[in-house]
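Below you'll find the structure, written out as structure tokens, and then a few comments.
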Amino acid sequence: MKIAIVCYPTFGGSGVVATELGIELSKKGHEIHFITYKQPVRLDLLGTTIRFHEVVVPDYPLFTYQPYELALSSKLVDTIRKYQIDILHVHYAIPHAYAGYMAKKMLEEEGIFIPMVTTLHGTDITLVGNHPYYKPAVTFSINKSDIVTSVSESLKIDTLRLFNVNKDIKVVPNFIDTEKFEAQYKDCQRELMALPEERIITHISNLRPVKRIPDVIAIFHGIQKEIPAKLIIVGEGPEQIAAMDQCKELGIKDRVIFLGNSNEIDKILCFSDLFLLPSERESFGLAALEAMVNGVPVISTNAGGLSEVNVDGVSGYLSNVGDVATMIADGIKILRDDATLNEFKKGARSEAKKFDTHAIVPKYEELYESALAAI
Ligand code: GMT
């Protein structure tokens, strides 16, 4: 099949999932066309079966807001027509499903019929899309998609609760290539980051308020009182400065390393002993799954789809949002001795296997087939 994928190209779960999906589909012989404003950060495999088409929005001083949706739908029309694309798969409803629907309608005028699959990722539903300013357009574009998928049962329930959706939503969870991780990094070089007696605790996100960064720091602060440890924070975002101030105030500045955005997530997770994800909301928690596949137990909240990924007492522990005291106690429980830590590491790895690429990607292929058959 020839598949056009629209996604956000920056650091962030939806873009990562879309990119990994494109890469996997191309390995299976499909021709993949990424259409977005920048080459996706995890996409370094351009070639005959993966192409990237840049959406350029000309800057016109008269406009306060440059019309990205317009440029995207025009680029979609051109690309779909030129490469005779079979399927359009848009990741993140805003504004991709909206622009995709316009492209579909424009192409219909020329007698070209292309099914659109929309994957809902989380914040497009629970945070941004739910705003009254966007809601009618998001509802419309979900209902006009040929197939709608969500990355967890929890997100499906949220979508049906928040929007007047008349489409069946198929749950296709996020995925990870578990075989790849078994082979890589025999030597993690953890000595670069911490002393031999120190545990390494990690948090990776876009450092937005929804991730509850003050809780990340407070949990680490509590754990390191009992167990020598370092905290590595990966990612960039609006909470970073406040987080640095909090570390200074708590007197743990020297134990917390802010690494910024990184393309070496797996290397970092390789030497991590514990992953913190105390989010307010999380439709799935791809970062938790990435930790787990690297054998890193997860302390998370039970918000959204996190309980579908992190299994309490097996791959880590779950708590209510804001229950920092329990998260500290659970972190200490996991890290206190090597035997317990190794048990949780094993548990994390084996739970991650439920989301293996080879089990999940065929679900998307089946959906593409059924959308094509229905057209
Ligand atoms: O977590 C973020 O803020 C980024 C966001 C995104 O849109 O890229 O992530 C969402 O999609 C990921 C991939 O499906 C999910 O794993 C994340 O849980 C989800 N984030 C939220 O729901 C807050």
Side-chain angles (χ1 to χ4, degrees), residues 5-22 24 36-38 40-43 89-97 117-131 134 138 148-159 161-162 169-176 203-213 215-216 233-240 261 265 269 275-293 298 300-310 318 321 351-352 354-355 357 360-361 363-364:
I5 295 181
V6 178
C7 64
Y8 282 104
T10 48
F11 292 91
S14 65
V16 170
V17 171
T19 308
E20 296 292 343
L21 176 62
E24 286 307 319
T36 181
Y37 58 85
K38 208 175 81 189
V41 284
R42 289 209 190 169
L43 182 65
H89 190 170
V90 301
H91 289 260
Y92 210 87
I94 308 167
H96 300 152
V117 177
T118 298
T119 292
L120 308 173
H121 279 273
T123 43
D124 46 351
I125 294 301
T126 55
L127 273 178
V128 196
N130 191 25
H131 193 286
Y134 297 128
V138 174
V148 181
T149 76
S150 78
V151 298
S152 64
E153 286 292 341
S154 152
L155 182 60
K156 174 177 175 172
I157 293 165
D158 281 341
T159 309
R161 180 173 50 84
L162 296 167
I169 300 177
K170 314 272 185 208
V171 175
V172 182
N174 289 336
F175 55 87
I176 201 128
H203 170 80
I204 303 174
S205 79
N206 50 21
L207 309 191
R208 299 202 172 263
V210 73
K211 304 295 174 182
R212 295 183 68 98
I213 306 303
D215 286 5
V216 172
I233 295 188
V234 183
E236 284 171 12
E239 297 285 280
Q240 185 169 341
N261 284 332
I265 297 302
L269 288 168
F275 189 77
L276 303 180
L277 197 59
S279 307
E280 179 95 40
R281 288 193 190 125
E282 205 67 68
S283 68
F284 182 91
L286 183 65
L289 180 59
E290 290 188 325
M292 284 159 58
V293 84
V298 174
S300 74
T301 54
N302 50 18
L306 278 170
S307 56
E308 294 169 45
V309 182
N310 185 19
L318 295 144
V321 174
E351 288 302 323
K354 291 182 185 159
F355 299 94
T357 302
I360 311 291
V361 171
K363 291 181 197 281
Y364 280 117

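First listed ligand is number 1; within each ligand, the first listed atom is number 1.
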Counting from 1 in the order shown, the ligand 1 atoms closer than 4.0 Å to a non-hydrogen atom of Gly285 are 15 (C), 16 (O), 17 (C), 18 (O)

Does Ser152 use its side chain to pair, donor to acceptor, with the backbone of Ser283 at less than 3.5 Å?
yes

Is there a polar contact, in the sense of an N or O pair closer than 3.5 Å, between Thr126 and ligand 1?
no

Hey, is Arg208 one of the residues with a heavy atom under 4.0 angstrom from ligand 1?
no

Closest to atom 10 (C) of ligand 1 among protein heavy atoms sits His121 O, 3.5 Å

Can you name the closest pair of heavy atoms from Val321 and Ser279 and give their distance?
CG2-O, 3.7 Å

When Tyr8 is tested against each of His91, His121, His96 for ring-ring contact (aromatic ring centres under 6.0 Å, His included), which residue passes?
His96

Starting from atom 7 (O) of ligand 1, which protein heavy atom do you reach first, and at what distance in Å?
Tyr92 CE1, 3.2 Å

For the pair Asp215 (side chain) and Ile213 (backbone), establish whether a donor and an acceptor sit closer than 3.5 Å, ignoring hydrogens and angles.
no

Which ligand 1 atoms, with their elements, are less than 4.0 angstrom from a heavy-atom of Arg281?
23 (C)

Any sub-3.5 Å donor-acceptor pair from Glu308's side-chain atoms to Glu153's backbone N or O?
yes

Is Ser307 reaching over with its side chain to a backbone N or O of Asn302, donor-acceptor style, under 3.5 angstrom?
no

Give the atom numbers and elements of ligand 1 that come within less than 4.0 Å of a heavy atom of Lys211.
1 (O), 2 (C), 3 (O)

Closer than 4.0 Å to some heavy atom of Val151 - which atoms of ligand 1 meet that?
14 (O)

What is the nearest protein non-hydrogen atom to atom 4 (C) of ligand 1, stated with its residue, atom name and distance?
Asn206 ND2, 3.7 Å

shortest atom 12 (C) of ligand 1-to-protein heavy-atom contact is with Gly13 CA, 3.7 Å

For Val17, is at least one N or O under 3.5 Å away from an N or O on ligand 1?
no

Identify the closest protein heavy atom to atom 8 (O) of ligand 1: which residue and atom is it, and at what distance?
Ser14 N, 2.7 Å

Considering only the protein, which heavy-atom contact is closest to atom 16 (O) of ligand 1, and what is its distance?
Leu286 N, 2.9 Å

Between Thr149 and Val171, is there a donor-acceptor pair closer than 3.5 Å when you use the side chain of the first and the backbone of the second?
no

Mind checking whether Val210 has an N or O less than 3.5 Å away from an N or O of ligand 1?
no

Please give me the minimum heavy-atom distance between Thr10 and Lys38, naming the atom from each residue.
CG2-NZ, 4.3 Å

With atoms numbered from 1 as shown, which atoms in ligand 1 lie under 4.0 angstrom from a non-hydrogen atom of Gly122?
22 (O)

Give the contacting part of Val16 toward ligand 1: side chain, backbone, both or neither, where contact means a heavy-atom distance below 4.0 Å.
neither

Check: Asn174 side chain, Leu286 main-chain N or O, donor-acceptor pair, under 3.5 Å
no

Main chain of Glu236, side chain of Asn261: is a donor-acceptor contact present, judged purely on distance under 3.5 Å?
yes

Contact check: Glu282 vs ligand 1, nitrogen or oxygen atoms, below 3.5 angstrom:
yes

Would Ser283 count as being in polar contact with ligand 1, using the rule that some N or O on each side must be under 3.5 angstrom apart?
yes

Under the 3.5 angstrom rule, does the side chain of Thr36 hit a backbone N or O of Cys7 as a donor-acceptor pair?
yes

